[in-house]
There are 2 protein chains.
Amino acid sequence: MAEKDKVTIYDISKKLNISAATVSRALNNNPKISQKTKELVMKTAAKMNYKQNKLAQALKSGKTHNVGVIVPYINRNFFSSVIRGIEEELSPHGYHVIICQSHEDVNNEIKQIDTLLNTQIDGIFMSVAKTTQDTDHIEKVLKENTPLVFFDRKKDVTGLSSVTIDDFRGGYLATEHLIKQGCKKIAHFSGDLNLEIYKNRHEGYIAAMKDYGIEPIKEFSLQVNSKLESGASAIQDLWSEDEKPDAIFSASDYAALGAIQELKKMGVKIPEEVCVVGFSNEPFTKYMELPITSVDQTPVEMGRNAAKVFLEQIEGSKTLTIEKKVVLAPELYIRDSSNRNL
Amino acid sequence: MAEKDKVTIYDISKKLNISAATVSRALNNNPKISQKTKELVMKTAAKMNYKQNKLAQALKSGKTHNVGVIVPYINRNFFSSVIRGIEEELSPHGYHVIICQSHEDVNNEIKQIDTLLNTQIDGIFMSVAKTTQDTDHIEKVLKENTPLVFFDRKKDVTGLSSVTIDDFRGGYLATEHLIKQGCKKIAHFSGDLNLEIYKNRHEGYIAAMKDYGIEPIKEFSLQVNSKLESGASAIQDLWSEDEKPDAIFSASDYAALGAIQELKKMGVKIPEEVCVVGFSNEPFTKYMELPITSVDQTPVEMGRNAAKVFLEQIEGSKTLTIEKKVVLAPELYIRDSSNRNL
DNA sequence: TTGTATGCGTTATCAA
DNA sequence: TTGATAACGCATACAA
């Protein structure tokens, strides 16, 4: 059994003394094939342990049943969860998921799109890198008629669909919750405002403040990286001023955690003196001794929805391009870091 | 620009009035092609924006430059980190990574191996499901001459390579560390002993105890799921007896966390009265207020190494099958949950 | 209902 | 050094 040769439709056709075309048709359940031969072919195919060569099929049809997913890093909880959703939705339809990492660098994104297009994937899912400004590489995908679905971090390109959460609402909910806890001087740690998601969270924060008659203080809006240290140093900055916040709404769980650690170090009581809310509902937030309130982005659902949009697109008529914007509702998980009604 | 037709080597050959074969050879840097035509072809190919059709190439060569990775769930930190390592090592070599999830079910594993083989992947990486006992589906891969590399959770199949950490040593290190903290009555939460990794960690624990002249107590070895609740209820079980442990070495960080939470609830001081050590170095362990000591499995390195083994295998002579067992050194991260020398 | 012939885009073999 | 042709395995247009 040194070199198990692949059995092809020709082998079957020879054995049955019929043409390869008939075999192919029988295998594909072509309606104009007699039931008898169909069954015969099926049976002998099974007996000979025949397997379709997907490659040949793909070359013929132009469809590989592979899709590519481009994310900054695959081992971030959020992204791997989205990918899980995509995989689980697509796998029953016979698709395989290829993963690519941009490392937050547009240049990698460009290269990966190129090689993905080259290997003839049937579609691309992506969350753009922080450095992505220009969308030429993305429009190229559109021109090649390859479906592209954004998730979470999107760019506005006409003709392209996206699945996101309502980040504005996420920011609004978080802020409103803080206000209802009695907080008035709420600071916001925003991420990179080049990314829509952070801009929207920030705008949600501003809107909630205004809706409740609180004028947001400019100095209380800080751009903070998604890192513990950044959260900590932001706290130091804020506490070096006279006017100190009574709540932090961080667009990142990591920065929120860094803030909490720093506040504790300074002896500030949470949530009594300062309430803290994060964003993303990272696994660790619920495990802490002081569990952290956070906005969940339903990543698995996001992946499933992105997959559904893709399926609609390719199952729809070829000529019609669908541009669908799916916006999922974020969910606020209220935990001890901001809950004064314990 | 409605339907951008793909340019093929024929288009180039026509334009240059040479044969497609020559174009192909020039493109592949075949030595028996004049420098002049080579350059000419290259230049016009670039000008015409020619892209190789990987599919046709794959059909011809039988190599897709795709590999499959099968893991229980992709959104577990450990697995997604391994995949990151695989992807980063393989991507410069022109390989794409397809991900599959077994959901800890052998039947899925079987199906996925089937479809992966069907789509002609060049290799498979996998961490077996908990329920996997039989290895028929794995031996099938071997018979088809497709390289298969196990990582972390392996099965002993002759001819197959694997990359793991030294779980025995991990268990030994953790236990030794606890003994050096002055603990003598060390309990062990093992995972499913059907999996080698858990068996080995357990054996490392036993060996360390004996090496230090401590007779392990049978009742202190419990099979505990990788869940918070399981860790908590294991603590309840242990503390319902007269003889109570002064340390817990859990083969799972989640069970360790559950144990810590339960112990705190009972007013037991950590690490003064009981030291706790986990396994996997999950991100949350270092974020806790009481950071948890844990054994790191260097998942990204594991992925990189698995990829290297694969590359060696396919770059080596076709007839020779390599069976390589790479064992990485685990690293103990000592944190407050077990550190009495603060 | 089935068979014949052709093409998908490459690459490899054999001639020239 | 280059060209013509076959082959990879399948699916389809056309013919029968």
Side-chain angles (χ1 to χ4, degrees), chain A residues 3-42 44-45 48-66 94 117-122 144-145, chain B residues 3-42 44-45 48-66 94 117-122 144 318:
Chain A
E3 185 76 23
K4 203 171 198 171
D5 310 80
K6 299 286 177 193
V7 12
T8 73
I9 49 171
Y10 280 90
D11 299 323
I12 300 179
S13 76
K14 262 179 230 157
K15 179 156 229 162
L16 262 41
N17 265 325
I18 54 176
S19 76
T22 305
V23 175
S24 170
R25 285 188 273 246
L27 256 18
N28 289 320
N29 202 24
N30 188 308
K32 35 178 86 173
I33 289 284
S34 77
Q35 197 56 32
K36 214 190 294 181
T37 42
K38 220 178 255 182
E39 279 166 15
L40 185 63
V41 168
M42 290 299 203
T44 48
M48 296 175 74
N49 195 29
Y50 166 79
K51 304 277 176 198
Q52 278 189 317
N53 184 326
K54 299 278 184 191
L55 241 45
Q57 225 176 215
L59 177 60
K60 190 91 227 293
S61 68
K63 300 279 162 236
T64 55
H65 277 77
N66 286 156
L117 251 24
N118 225 235
T119 55
Q120 323 269 80
I121 38 72
D122 293 353
E144 301 231 350
N145 276 321
Chain B
E3 185 76 21
K4 203 172 199 170
D5 309 81
K6 298 286 177 194
V7 12
T8 73
I9 48 172
Y10 278 91
D11 300 323
I12 301 178
S13 76
K14 261 179 233 158
K15 180 157 229 160
L16 261 41
N17 264 325
I18 56 178
S19 77
T22 305
V23 175
S24 170
R25 283 188 275 247
L27 254 18
N28 289 319
N29 203 24
N30 187 308
K32 37 178 84 172
I33 288 284
S34 77
Q35 197 58 33
K36 212 190 296 180
T37 42
K38 219 178 258 184
E39 278 166 16
L40 185 64
V41 169
M42 291 298 203
T44 47
M48 296 174 74
N49 195 29
Y50 166 79
K51 303 278 176 197
Q52 279 188 316
N53 184 326
K54 298 278 183 190
L55 240 45
Q57 228 176 210
L59 177 61
K60 193 90 225 295
S61 67
K63 301 278 161 237
T64 54
H65 278 78
N66 285 156
L117 251 24
N118 225 234
T119 55
Q120 323 269 80
I121 38 70
D122 293 353
E144 302 230 349
K318 307 295 158 195

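Sequence lines set the chain letters: A, B, ... in the order given, protein chains first and strands last, and positions in each chain run from 1.
In terms of modelled atom types and a separation under 3.5 Å, the side chain of B/Lys51 and the main chain of B/Lys6 share no donor-acceptor contact. Checked by atom type and distance alone, the side chain of B/Thr64 pairs as donor or acceptor with a backbone atom of B/Gln120 at under 3.5 Å. With B/Asn30 contributing its side chain and B/Ile33 its backbone, the two residues share no donor-acceptor pair below 3.5 Å.
Remark on DNA chain D: of its neighbouring residues B/Ala21 and B/Ala56, the 5'-side contact belongs to B/Ala21, judged by nearest-heavy-atom nucleotide. Comparing B/Lys60 and A/Ile18 by the nucleotide of DNA chain C that holds the closest heavy atom to each, the one mapping nearer the 5' end is A/Ile18.
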Side chains of residues 10-22 of chain A: which donor-acceptor pairs under 3.5 Å do they make with residues two or more places apart or in other chains?
residue : atom : partner : partner atom : Å
A/Asp11 : OD2  : A/Thr8  : N            : 2.8
A/Ser13 : OG   : A/Tyr10 : O            : 2.8
A/Ser19 : OG   : A/Ala21 : N            : 3.4
A/Ser19 : OG   : A/Thr22 : N            : 3.2
A/Ser19 : OG   : A/Thr22 : OG1          : 2.9

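Protein chain A contacts DNA chain D over a range whose 5' and 3' limits, counting nucleotides with an atom under 4.0 angstrom from a non-hydrogen atom, are D/dG9 to D/dA13.
Rounded to whole Å, the distance from CG on B/Asp11 to P on C/dG9 is 9 Å. One interatomic measurement links the two molecules: OH of A/Tyr10 to P of C/dG3, which rounds to 13 Å at whole-angstrom precision. Atoms CG (B/Leu59) and C1' (C/dG9) sit 9 Å apart, rounded to a whole Å.
Between B/Asp122 and B/Lys63, the shortest heavy-atom distance links the atoms OD1-CA, 3.5 Å. Here the closest non-hydrogen pair linking A/Asn53 and B/Leu59 is ND2-CD1, 4.2 Å. Residue B/Ile9 comes nearest to B/Tyr50 through the heavy atom pair CG2-OH, 3.6 Å, listed as atom of the first residue, atom of the second, then distance.
A heavy atom closer than 4.0 Å to some atom of DNA chain D occurs in A/Ser24, A/Arg25, A/Asn28, these being the qualifying members of residues 23-38 of chain A.
Counting only heavy atoms from C-beta outward, the side chains of B/Lys54 and B/His65 never approach each other to under 4.5 Å.
Between C/dG9 and B/Thr8, no contact under 4.0 Å exists linking OP1 or OP2 to a side-chain N or O.
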